[in-house]
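Here the structure comes first, spelled out in C-alpha coordinates, and everything after it is commentary.
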Amino acid sequence: MRKNPEHFVWLAAFWIAVYLLLTALPLFLLLFSPAPSPRGFWRDFSAALGFAGLAMMMLQFALTARLQTVKAPFGSDLVYHFHRQISQVAFGLILAHPLILFVTTPSTVSLLKFWNAPWRARFAVAALAILIVQVGSSIWRRQLRLDYDRWRFWHGVLASATVVLGLLHMMKVGHFVNLPWKRSLWLSYGALWVGLLAYVRLLKPWLALRQPYEVVAVNAERGQAWSLTLRAKGHHGLRFNPGQFAWLTLWHSPFLAKDHPFSFSASAERPELLRFTIKELGDFTATIKQAVPGQLAWLDGPHGAFSVDRYPHAPGYVFIAGGIGITPMMSMLHTLADRRDPRPLLLLYANRDLDSITFREEIEQLTPRLNLRVAHVLDRPPENWTGESGFINDAVLQRQLPEEFTDLDYFICGPPPMMNAVEQLLLRRGIPFGQIHTERFNLV
Ligand SMILES: Cc1cc2nc3c(=O)[nH]c(=O)nc-3n(C[C@H](O)[C@H](O)[C@H](O)COP(=O)(O)OP(=O)(O)OC[C@H]3O[C@@H](n4cnc5c(N)ncnc54)[C@H](O)[C@@H]3O)c2cc1C
(Lines give C-alpha, C1' and ligand atoms only; values in the text may rest on other atoms or scores of the structure.)
Protein backbone atom coordinates (compact mmCIF):
# COMPACT_ATOMS: atom_id res chain seq x y z
CA MET A 1 0.00 0.00 0.00
CA ARG A 2 2.74 2.48 0.99
CA LYS A 3 4.72 3.40 -2.09
CA ASN A 4 8.17 4.91 -2.41
CA PRO A 5 7.87 8.73 -2.98
CA GLU A 6 10.04 8.33 -6.11
CA HIS A 7 7.37 6.09 -7.61
CA PHE A 8 4.98 9.06 -7.66
CA VAL A 9 7.54 11.39 -9.24
CA TRP A 10 7.98 8.96 -12.14
CA LEU A 11 4.24 8.40 -12.41
CA ALA A 12 3.66 12.18 -12.51
CA ALA A 13 6.28 12.60 -15.25
CA PHE A 14 4.69 9.75 -17.20
CA TRP A 15 1.16 11.21 -17.07
CA ILE A 16 2.37 14.71 -17.97
CA ALA A 17 4.17 13.26 -21.01
CA VAL A 18 1.04 11.29 -22.01
CA TYR A 19 -1.10 14.41 -21.67
CA LEU A 20 1.25 16.56 -23.80
CA LEU A 21 1.51 13.81 -26.40
CA LEU A 22 -2.26 13.33 -26.66
CA THR A 23 -2.84 17.10 -26.88
CA ALA A 24 -0.28 17.72 -29.63
CA LEU A 25 -0.45 14.42 -31.52
CA PRO A 26 -3.57 15.04 -33.65
CA LEU A 27 -2.21 18.42 -34.65
CA PHE A 28 1.07 17.03 -35.98
CA LEU A 29 -0.42 13.92 -37.56
CA LEU A 30 -2.96 15.99 -39.46
CA LEU A 31 -0.12 17.72 -41.30
CA PHE A 32 1.44 14.41 -42.38
CA SER A 33 1.47 13.51 -46.01
CA PRO A 34 -0.40 13.88 -48.09
CA ALA A 35 -0.60 17.30 -46.48
CA PRO A 36 -3.74 19.22 -47.43
CA SER A 37 -3.32 22.15 -49.75
CA PRO A 38 -2.47 25.37 -47.86
CA ARG A 39 -5.31 27.90 -47.54
CA GLY A 40 -3.29 30.84 -46.28
CA PHE A 41 -1.48 31.26 -42.98
CA TRP A 42 -4.29 32.74 -40.88
CA ARG A 43 -6.90 30.24 -41.99
CA ASP A 44 -4.66 27.26 -41.28
CA PHE A 45 -3.42 28.82 -38.04
CA SER A 46 -6.99 29.36 -36.82
CA ALA A 47 -7.82 25.73 -37.70
CA ALA A 48 -4.75 24.57 -35.74
CA LEU A 49 -6.00 26.45 -32.67
CA GLY A 50 -9.41 24.84 -33.07
CA PHE A 51 -7.85 21.36 -33.29
CA ALA A 52 -5.66 21.93 -30.25
CA GLY A 53 -8.63 23.30 -28.25
CA LEU A 54 -10.83 20.36 -29.19
CA ALA A 55 -8.11 17.82 -28.30
CA MET A 56 -7.76 19.48 -24.88
CA MET A 57 -11.53 19.44 -24.42
CA MET A 58 -11.68 15.76 -25.25
CA LEU A 59 -9.05 14.96 -22.65
CA GLN A 60 -10.91 16.83 -19.91
CA PHE A 61 -12.98 13.84 -18.98
CA ALA A 62 -9.85 11.77 -18.38
CA LEU A 63 -8.91 14.36 -15.73
CA THR A 64 -12.21 14.26 -13.86
CA ALA A 65 -13.07 10.58 -14.24
CA ARG A 66 -11.54 9.78 -10.82
CA LEU A 67 -8.98 7.44 -12.34
CA GLN A 68 -6.90 6.65 -9.29
CA THR A 69 -3.74 5.92 -11.20
CA VAL A 70 -3.92 9.32 -12.98
CA LYS A 71 -4.68 11.28 -9.82
CA ALA A 72 -2.38 9.41 -7.44
CA PRO A 73 0.84 11.35 -8.13
CA PHE A 74 -0.84 14.78 -8.10
CA GLY A 75 -3.77 14.59 -5.68
CA SER A 76 -7.35 15.57 -6.47
CA ASP A 77 -6.81 19.26 -5.59
CA LEU A 78 -4.18 19.68 -8.24
CA VAL A 79 -5.98 17.66 -10.91
CA TYR A 80 -9.22 19.66 -10.48
CA HIS A 81 -7.23 22.89 -10.45
CA PHE A 82 -5.53 21.86 -13.69
CA HIS A 83 -8.92 20.86 -15.14
CA ARG A 84 -10.32 24.34 -14.40
CA GLN A 85 -7.29 26.19 -15.76
CA ILE A 86 -6.76 24.07 -18.87
CA SER A 87 -10.49 24.27 -19.69
CA GLN A 88 -10.11 28.01 -19.90
CA VAL A 89 -7.08 27.64 -22.15
CA ALA A 90 -9.02 25.22 -24.39
CA PHE A 91 -11.96 27.64 -24.42
CA GLY A 92 -9.61 30.49 -25.43
CA LEU A 93 -8.15 28.45 -28.30
CA ILE A 94 -11.58 27.37 -29.54
CA LEU A 95 -12.90 30.96 -29.33
CA ALA A 96 -9.82 32.30 -31.14
CA HIS A 97 -10.48 29.91 -34.05
CA PRO A 98 -13.56 31.76 -35.44
CA LEU A 99 -12.41 35.20 -34.23
CA ILE A 100 -9.24 34.99 -36.33
CA LEU A 101 -11.33 33.96 -39.34
CA PHE A 102 -13.77 36.86 -38.81
CA VAL A 103 -10.90 39.37 -38.66
CA THR A 104 -8.81 37.99 -41.53
CA THR A 105 -11.73 36.94 -43.78
CA PRO A 106 -14.67 39.24 -42.90
CA SER A 107 -17.04 37.40 -45.26
CA THR A 108 -17.01 34.42 -42.80
CA VAL A 109 -19.05 36.51 -40.33
CA SER A 110 -22.11 35.65 -42.44
CA LEU A 111 -21.71 32.02 -41.24
CA LEU A 112 -23.15 33.20 -37.92
CA LYS A 113 -26.59 33.46 -39.56
CA PHE A 114 -27.54 30.08 -38.15
CA TRP A 115 -30.57 29.21 -40.33
CA ASN A 116 -28.91 30.20 -43.63
CA ALA A 117 -25.50 28.78 -42.81
CA PRO A 118 -24.20 25.40 -44.04
CA TRP A 119 -24.22 22.51 -41.53
CA ARG A 120 -20.48 22.76 -40.87
CA ALA A 121 -21.03 26.31 -39.56
CA ARG A 122 -24.21 25.43 -37.67
CA PHE A 123 -22.36 22.70 -35.76
CA ALA A 124 -19.59 25.18 -34.93
CA VAL A 125 -21.97 27.90 -33.75
CA ALA A 126 -23.97 25.46 -31.61
CA ALA A 127 -20.76 23.97 -30.10
CA LEU A 128 -19.42 27.41 -29.23
CA ALA A 129 -22.72 28.62 -27.74
CA ILE A 130 -22.93 25.53 -25.53
CA LEU A 131 -19.29 25.90 -24.54
CA ILE A 132 -19.87 29.52 -23.49
CA VAL A 133 -22.82 28.44 -21.29
CA GLN A 134 -20.76 25.61 -19.85
CA VAL A 135 -17.71 27.69 -19.02
CA GLY A 136 -19.81 30.58 -17.64
CA SER A 137 -21.94 28.32 -15.45
CA SER A 138 -18.80 26.68 -14.06
CA ILE A 139 -16.91 29.87 -13.29
CA TRP A 140 -19.94 31.61 -11.75
CA ARG A 141 -21.76 28.55 -10.34
CA ARG A 142 -21.86 29.89 -6.79
CA GLN A 143 -22.82 33.46 -7.86
CA LEU A 144 -25.60 32.02 -10.06
CA ARG A 145 -26.71 29.89 -7.07
CA LEU A 146 -26.77 26.73 -9.16
CA ASP A 147 -27.51 23.58 -7.18
CA TYR A 148 -24.32 21.48 -7.20
CA ASP A 149 -25.89 18.14 -8.22
CA ARG A 150 -27.89 19.68 -11.05
CA TRP A 151 -24.88 21.65 -12.21
CA ARG A 152 -22.72 18.50 -12.19
CA PHE A 153 -25.26 16.61 -14.30
CA TRP A 154 -25.57 19.42 -16.87
CA HIS A 155 -21.82 20.04 -16.87
CA GLY A 156 -21.34 16.49 -18.21
CA VAL A 157 -24.20 16.76 -20.70
CA LEU A 158 -23.01 20.11 -22.10
CA ALA A 159 -19.40 18.94 -22.33
CA SER A 160 -20.46 15.84 -24.28
CA ALA A 161 -22.63 17.97 -26.60
CA THR A 162 -19.72 20.36 -27.27
CA VAL A 163 -17.40 17.50 -28.13
CA VAL A 164 -19.91 15.81 -30.47
CA LEU A 165 -20.75 19.09 -32.24
CA GLY A 166 -17.06 19.99 -32.48
CA LEU A 167 -16.30 16.65 -34.12
CA LEU A 168 -19.22 17.04 -36.53
CA HIS A 169 -17.97 20.52 -37.48
CA MET A 170 -14.48 19.15 -38.12
CA MET A 171 -15.76 16.23 -40.22
CA LYS A 172 -18.03 18.48 -42.27
CA VAL A 173 -15.22 20.97 -43.02
CA GLY A 174 -13.07 17.97 -43.78
CA HIS A 175 -9.98 19.88 -44.92
CA PHE A 176 -7.47 18.43 -42.45
CA VAL A 177 -9.37 15.18 -41.96
CA ASN A 178 -9.52 14.24 -45.61
CA LEU A 179 -8.26 10.67 -45.12
CA PRO A 180 -9.92 7.76 -43.31
CA TRP A 181 -7.04 7.32 -40.84
CA LYS A 182 -7.14 10.99 -39.91
CA ARG A 183 -10.88 10.76 -39.27
CA SER A 184 -10.35 7.55 -37.28
CA LEU A 185 -7.79 9.32 -35.11
CA TRP A 186 -10.32 11.93 -34.03
CA LEU A 187 -13.06 9.37 -33.66
CA SER A 188 -10.80 7.39 -31.32
CA TYR A 189 -10.63 10.49 -29.09
CA GLY A 190 -14.43 10.50 -29.17
CA ALA A 191 -14.41 6.78 -28.31
CA LEU A 192 -12.12 7.49 -25.36
CA TRP A 193 -14.67 10.03 -24.13
CA VAL A 194 -17.56 7.57 -24.49
CA GLY A 195 -15.53 4.80 -22.85
CA LEU A 196 -14.72 6.96 -19.84
CA LEU A 197 -18.34 8.06 -19.59
CA ALA A 198 -19.46 4.42 -19.53
CA TYR A 199 -16.78 3.64 -16.93
CA VAL A 200 -17.80 6.49 -14.63
CA ARG A 201 -21.58 6.34 -15.02
CA LEU A 202 -22.12 2.58 -15.46
CA LEU A 203 -19.18 0.36 -14.52
CA LYS A 204 -18.12 2.21 -11.37
CA PRO A 205 -21.65 2.43 -9.89
CA TRP A 206 -22.18 -1.25 -10.74
CA LEU A 207 -18.96 -2.20 -8.95
CA ALA A 208 -19.96 -0.02 -5.99
CA LEU A 209 -23.37 -1.74 -5.77
CA ARG A 210 -21.64 -5.11 -5.52
CA GLN A 211 -19.57 -3.88 -2.56
CA PRO A 212 -21.96 -2.20 -0.13
CA TYR A 213 -21.17 -0.88 3.34
CA GLU A 214 -23.54 -0.71 6.27
CA VAL A 215 -23.90 2.05 8.79
CA VAL A 216 -22.70 0.88 12.19
CA ALA A 217 -23.09 4.10 14.19
CA VAL A 218 -23.89 7.79 13.88
CA ASN A 219 -22.41 9.92 16.66
CA ALA A 220 -22.78 13.61 17.36
CA GLU A 221 -19.49 15.55 17.55
CA ARG A 222 -18.71 19.06 18.70
CA GLY A 223 -18.97 21.77 16.04
CA GLN A 224 -22.24 20.62 14.42
CA ALA A 225 -20.63 17.51 13.01
CA TRP A 226 -21.61 13.85 12.89
CA SER A 227 -19.35 10.81 12.76
CA LEU A 228 -20.63 8.09 10.49
CA THR A 229 -19.05 4.67 11.02
CA LEU A 230 -19.32 2.11 8.23
CA ARG A 231 -18.44 -1.56 7.93
CA ALA A 232 -17.95 -3.54 4.71
CA LYS A 233 -20.89 -5.87 4.07
CA GLY A 234 -19.92 -9.20 2.49
CA HIS A 235 -16.49 -8.10 1.22
CA HIS A 236 -13.08 -7.06 2.53
CA GLY A 237 -13.68 -3.31 2.40
CA LEU A 238 -11.00 -0.87 1.35
CA ARG A 239 -7.57 0.05 2.61
CA PHE A 240 -6.54 3.68 2.55
CA ASN A 241 -3.65 5.93 3.45
CA PRO A 242 -4.33 8.19 6.44
CA GLY A 243 -5.54 11.58 5.18
CA GLN A 244 -7.18 10.23 2.03
CA PHE A 245 -10.88 10.57 1.22
CA ALA A 246 -13.69 8.65 -0.47
CA TRP A 247 -16.88 9.60 -2.31
CA LEU A 248 -19.86 8.57 -0.20
CA THR A 249 -23.30 7.63 -1.53
CA LEU A 250 -26.13 7.43 0.98
CA TRP A 251 -29.90 7.48 0.39
CA HIS A 252 -29.58 7.02 -3.39
CA SER A 253 -28.35 4.39 -5.84
CA PRO A 254 -24.71 4.94 -6.95
CA PHE A 255 -26.10 5.16 -10.51
CA LEU A 256 -27.63 8.55 -9.68
CA ALA A 257 -24.17 10.12 -9.21
CA LYS A 258 -25.12 11.94 -6.02
CA ASP A 259 -21.98 11.12 -4.08
CA HIS A 260 -20.02 13.51 -1.86
CA PRO A 261 -16.33 13.50 -0.93
CA PHE A 262 -15.33 13.04 2.73
CA SER A 263 -11.97 12.37 4.38
CA PHE A 264 -11.53 9.28 6.51
CA SER A 265 -11.27 10.44 10.13
CA ALA A 266 -10.10 7.22 11.84
CA SER A 267 -6.99 5.07 11.73
CA ALA A 268 -5.86 3.52 8.45
CA GLU A 269 -4.49 0.65 10.54
CA ARG A 270 -8.07 -0.39 11.40
CA PRO A 271 -9.81 -0.38 8.03
CA GLU A 272 -12.52 -2.82 9.18
CA LEU A 273 -14.41 0.20 10.58
CA LEU A 274 -14.36 3.29 8.37
CA ARG A 275 -15.29 6.61 9.93
CA PHE A 276 -16.25 9.89 8.25
CA THR A 277 -16.94 13.03 10.27
CA ILE A 278 -19.27 15.37 8.50
CA LYS A 279 -20.20 18.95 9.33
CA GLU A 280 -23.77 20.08 8.69
CA LEU A 281 -23.36 22.68 5.98
CA GLY A 282 -25.96 22.02 3.28
CA ASP A 283 -28.62 19.72 1.83
CA PHE A 284 -26.72 16.44 1.99
CA THR A 285 -24.58 16.99 5.08
CA ALA A 286 -27.71 17.93 7.07
CA THR A 287 -29.11 14.42 6.47
CA ILE A 288 -26.22 12.46 8.05
CA LYS A 289 -27.78 12.56 11.51
CA GLN A 290 -30.85 10.75 10.11
CA ALA A 291 -28.81 7.72 8.99
CA VAL A 292 -29.59 4.56 10.97
CA PRO A 293 -27.53 1.47 11.80
CA GLY A 294 -27.94 -1.22 9.16
CA GLN A 295 -28.60 1.30 6.38
CA LEU A 296 -26.59 0.73 3.20
CA ALA A 297 -23.93 3.11 1.87
CA TRP A 298 -21.50 2.93 -1.04
CA LEU A 299 -17.95 4.23 -1.41
CA ASP A 300 -15.71 5.20 -4.28
CA GLY A 301 -12.15 5.44 -3.08
CA PRO A 302 -9.66 5.86 -1.64
CA HIS A 303 -8.57 9.05 -3.37
CA GLY A 304 -6.12 11.84 -2.65
CA ALA A 305 -2.44 12.43 -2.01
CA PHE A 306 -2.82 14.31 1.31
CA SER A 307 -1.11 11.77 3.54
CA VAL A 308 1.92 11.37 5.78
CA ASP A 309 2.49 8.08 3.98
CA ARG A 310 3.54 10.06 0.90
CA TYR A 311 6.39 11.63 2.92
CA PRO A 312 7.56 8.77 5.13
CA HIS A 313 11.10 10.11 5.58
CA ALA A 314 10.11 13.46 7.15
CA PRO A 315 11.70 13.99 10.59
CA GLY A 316 8.32 15.21 11.91
CA TYR A 317 4.99 16.70 10.84
CA VAL A 318 3.04 19.88 11.49
CA PHE A 319 -0.74 19.68 11.05
CA ILE A 320 -2.58 22.98 10.64
CA ALA A 321 -6.36 22.60 10.70
CA GLY A 322 -9.33 24.92 10.77
CA GLY A 323 -12.79 23.67 11.83
CA ILE A 324 -13.87 20.48 10.05
CA GLY A 325 -10.50 20.47 8.23
CA ILE A 326 -9.38 18.40 11.24
CA THR A 327 -10.79 15.14 9.77
CA PRO A 328 -7.79 14.06 7.63
CA MET A 329 -5.47 15.13 10.47
CA MET A 330 -7.38 12.85 12.87
CA SER A 331 -6.88 9.94 10.52
CA MET A 332 -3.15 10.69 10.33
CA LEU A 333 -2.81 11.15 14.12
CA HIS A 334 -4.72 7.94 14.92
CA THR A 335 -2.67 6.01 12.38
CA LEU A 336 0.65 7.34 13.69
CA ALA A 337 -0.49 6.46 17.24
CA ASP A 338 -1.41 2.91 16.18
CA ARG A 339 2.02 2.59 14.56
CA ARG A 340 3.69 3.94 17.74
CA ASP A 341 5.46 6.54 15.61
CA PRO A 342 7.99 8.41 17.83
CA ARG A 343 8.49 11.47 15.59
CA PRO A 344 7.63 14.96 16.90
CA LEU A 345 4.22 16.24 15.83
CA LEU A 346 2.55 19.62 16.21
CA LEU A 347 -1.18 20.24 15.74
CA LEU A 348 -2.26 23.86 15.30
CA TYR A 349 -6.05 23.81 15.38
CA ALA A 350 -8.16 26.92 14.77
CA ASN A 351 -11.79 27.13 15.86
CA ARG A 352 -14.37 29.73 16.74
CA ASP A 353 -14.63 28.85 20.44
CA LEU A 354 -13.89 26.10 22.94
CA ASP A 355 -17.25 24.38 22.51
CA SER A 356 -16.98 24.06 18.74
CA ILE A 357 -13.66 22.17 18.74
CA THR A 358 -14.54 18.94 16.93
CA PHE A 359 -12.68 15.97 18.54
CA ARG A 360 -11.48 18.10 21.50
CA GLU A 361 -11.63 15.18 23.94
CA GLU A 362 -10.44 12.62 21.38
CA ILE A 363 -7.32 14.73 20.72
CA GLU A 364 -6.66 14.91 24.47
CA GLN A 365 -6.84 11.12 24.67
CA LEU A 366 -4.54 10.72 21.66
CA THR A 367 -1.82 13.07 22.93
CA PRO A 368 -0.16 10.67 25.44
CA ARG A 369 0.07 7.99 22.71
CA LEU A 370 2.14 10.30 20.47
CA ASN A 371 5.04 12.73 20.61
CA LEU A 372 2.39 15.40 19.99
CA ARG A 373 2.00 19.03 21.05
CA VAL A 374 -1.39 20.64 20.47
CA ALA A 375 -2.02 24.39 20.23
CA HIS A 376 -5.65 25.47 19.97
CA VAL A 377 -6.25 28.87 18.37
CA LEU A 378 -9.62 30.35 19.30
CA ASP A 379 -11.33 33.22 17.57
CA ARG A 380 -13.55 33.81 20.59
CA PRO A 381 -11.62 32.46 23.57
CA PRO A 382 -13.26 32.11 27.01
CA GLU A 383 -12.20 34.32 29.91
CA ASN A 384 -8.88 33.34 31.48
CA TRP A 385 -7.80 31.58 28.24
CA THR A 386 -4.02 31.43 28.15
CA GLY A 387 -3.69 29.78 24.73
CA GLU A 388 -3.54 31.35 21.27
CA SER A 389 -6.40 33.56 20.18
CA GLY A 390 -7.52 35.21 16.92
CA PHE A 391 -6.44 33.58 13.66
CA ILE A 392 -3.36 31.57 12.76
CA ASN A 393 -0.96 34.34 11.75
CA ASP A 394 2.77 34.88 11.59
CA ALA A 395 3.02 35.66 15.31
CA VAL A 396 1.26 32.39 16.18
CA LEU A 397 3.61 30.46 13.87
CA GLN A 398 6.61 32.26 15.37
CA ARG A 399 5.57 31.20 18.87
CA GLN A 400 4.45 27.65 18.07
CA LEU A 401 6.76 26.23 15.40
CA PRO A 402 9.67 24.22 16.73
CA GLU A 403 13.27 25.31 16.13
CA GLU A 404 14.02 22.98 13.22
CA PHE A 405 10.80 23.93 11.48
CA THR A 406 12.19 24.07 7.93
CA ASP A 407 12.87 20.30 7.91
CA LEU A 408 9.29 19.29 8.71
CA ASP A 409 6.41 18.44 6.38
CA TYR A 410 3.27 20.59 6.72
CA PHE A 411 -0.34 19.53 6.19
CA ILE A 412 -2.98 22.27 5.93
CA CYS A 413 -6.76 21.81 5.72
CA GLY A 414 -9.47 24.30 6.64
CA PRO A 415 -11.44 27.27 5.31
CA PRO A 416 -9.92 28.62 2.05
CA PRO A 417 -8.88 32.06 3.46
CA MET A 418 -7.04 30.33 6.32
CA MET A 419 -5.35 27.88 3.97
CA ASN A 420 -4.22 30.61 1.55
CA ALA A 421 -2.88 32.80 4.35
CA VAL A 422 -1.03 29.98 6.15
CA GLU A 423 0.46 28.66 2.91
CA GLN A 424 1.88 32.10 2.12
CA LEU A 425 3.20 32.55 5.66
CA LEU A 426 4.98 29.18 5.55
CA LEU A 427 6.52 29.95 2.16
CA ARG A 428 7.73 33.31 3.47
CA ARG A 429 9.29 31.53 6.44
CA GLY A 430 11.38 29.52 3.98
CA ILE A 431 9.53 26.19 4.06
CA PRO A 432 10.14 24.57 0.66
CA PHE A 433 7.00 24.37 -1.50
CA GLY A 434 7.33 20.57 -1.73
CA GLN A 435 6.99 20.26 2.07
CA ILE A 436 3.62 22.06 2.19
CA HIS A 437 0.64 19.83 1.48
CA THR A 438 -2.96 20.98 1.27
CA GLU A 439 -6.41 19.43 1.03
CA ARG A 440 -9.15 21.75 -0.16
CA PHE A 441 -12.72 20.81 0.74
CA ASN A 442 -14.00 23.32 -1.82
CA LEU A 443 -12.68 21.21 -4.70
CA VAL A 444 -15.48 22.36 -7.01
C1 LIG B 1 -11.41 16.02 -0.69
C2 LIG B 1 -12.57 16.49 0.18
C3 LIG B 1 -12.69 16.00 1.47
C4 LIG B 1 -13.74 16.45 2.27
N5 LIG B 1 -13.84 15.98 3.55
C6 LIG B 1 -14.83 16.43 4.36
C7 LIG B 1 -14.95 15.96 5.69
O8 LIG B 1 -14.18 15.12 6.14
N9 LIG B 1 -15.97 16.43 6.44
C10 LIG B 1 -16.85 17.36 5.96
O11 LIG B 1 -17.76 17.75 6.69
N12 LIG B 1 -16.75 17.84 4.69
C13 LIG B 1 -15.78 17.39 3.88
N14 LIG B 1 -15.70 17.85 2.59
C15 LIG B 1 -16.68 18.83 2.11
C16 LIG B 1 -17.98 18.13 1.72
O17 LIG B 1 -17.76 17.26 0.62
C18 LIG B 1 -19.04 19.18 1.32
O19 LIG B 1 -19.25 20.02 2.42
C20 LIG B 1 -20.34 18.50 0.99
O21 LIG B 1 -20.22 17.74 -0.19
C22 LIG B 1 -21.41 19.58 0.80
O23 LIG B 1 -22.63 18.95 0.42
P24 LIG B 1 -24.05 19.57 0.83
O25 LIG B 1 -25.07 19.04 -0.10
O26 LIG B 1 -24.31 19.33 2.27
O27 LIG B 1 -23.84 21.11 0.67
P28 LIG B 1 -24.37 22.13 -0.42
O29 LIG B 1 -24.84 23.32 0.33
O30 LIG B 1 -25.29 21.50 -1.40
O31 LIG B 1 -23.05 22.47 -1.19
C32 LIG B 1 -22.07 23.31 -0.65
C33 LIG B 1 -20.84 23.24 -1.56
O34 LIG B 1 -20.22 21.96 -1.36
C35 LIG B 1 -19.72 21.48 -2.61
N36 LIG B 1 -20.43 20.23 -2.95
C37 LIG B 1 -21.75 19.97 -2.82
N38 LIG B 1 -22.04 18.76 -3.24
C39 LIG B 1 -20.88 18.21 -3.63
C40 LIG B 1 -20.51 16.96 -4.20
N41 LIG B 1 -21.41 16.02 -4.44
N42 LIG B 1 -19.22 16.76 -4.52
C43 LIG B 1 -18.29 17.70 -4.32
N44 LIG B 1 -18.56 18.92 -3.79
C45 LIG B 1 -19.84 19.16 -3.46
C46 LIG B 1 -20.02 22.51 -3.65
O47 LIG B 1 -18.90 23.37 -3.81
C48 LIG B 1 -21.17 23.30 -3.04
O49 LIG B 1 -21.23 24.60 -3.52
C50 LIG B 1 -14.67 17.39 1.77
C51 LIG B 1 -14.55 17.86 0.47
C52 LIG B 1 -13.51 17.41 -0.32
C53 LIG B 1 -13.40 17.93 -1.73
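Just so you know, these numbers use all the heavy atoms, side chains as well, and skip hydrogens, waters and symmetry mates.
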What is the minimum heavy-atom distance between Ala127 and Thr162, and which atoms define it?
O-CG2, 3.8 Å
Considering only NZ, NE, NH1 and NH2 on the basic side and carboxylate oxygens on the acidic side, decide whether Arg339 and Asp309 come within less than 4.0 Å.
yes
Looking only at side chains, do Tyr317 and Arg343 share a donor and an acceptor under 3.5 Å apart?
yes
Answer yes or no: is there a side-chain heavy-atom contact under 4.5 Å between Thr327 and Phe276?
no
Flag side-chain contact, heavy atom, 4.5 Å: Leu93 against Met56
yes
Do we see a donor-acceptor contact under 3.5 Å between the side chains of Ser87 and Gln60?
yes
Do the rings of Trp151 and Tyr148 sit parallel, tilted or perpendicular, given the 30° and 60° boundaries?
tilted
Asn442 and Arg142 side chains, donor-acceptor separation under 3.5 Å:
no
Is there a donor-acceptor contact under 3.5 Å linking the side chains of Ser137 and Trp154?
no
When you measure from the side chain of Asn241 to the backbone N and O of Gln244, does any donor-acceptor pair fall under 3.5 Å?
no
What is the minimum heavy-atom distance between Ser331 and Pro242, and which atoms define it?
OG-CA, 3.3 Å
From the list Arg275, Glu221, His334, side-chain hydrogen bond (donor to acceptor under 3.5 Å, both in side chains) with Ser265 holds only for Arg275
Under 3.5 Å, side chain of Thr108 to main-chain N/O of Leu101, donor-acceptor pair present?
yes
Candidate pair Thr287 and Trp251, rule side chain to side chain donor-acceptor pair (under 3.5 Å), full reasoning
CA-CA 9 Å; Thr287 65; Trp251 314 113; 2.9 Å; yes
Take the angle between the ring planes of Phe306 and Phe411 and call it parallel below 30°, perpendicular above 60°, tilted in between.
perpendicular
Backbone N/O of Gly223 and side chain of Lys279: donor-acceptor pair under 3.5 Å:
yes
Could you check whether the rings of Phe284 and His260 sit parallel, tilted or perpendicular, using 30° and 60° as the cut-offs?
parallel
Any side-chain donor paired with an acceptor under 3.5 Å for Ser160 and Trp193?
yes
May I ask you to decide if the ring planes of Trp186 and Tyr189 are parallel, tilted or perpendicular, using 30° and 60° as cut-offs?
tilted
Taking every non-hydrogen atom, the tightest pair across Ile94 and Gly50
CG1-O, 4.5 Å
Can you list the steps and then say if Arg429 with Asp394 is a salt bridge (Lys or Arg N to Asp or Glu O under 4.0 Å)?
CA-CA 9 Å; Arg429 288 190 153 261; Asp394 204 35; 3.0 Å; yes
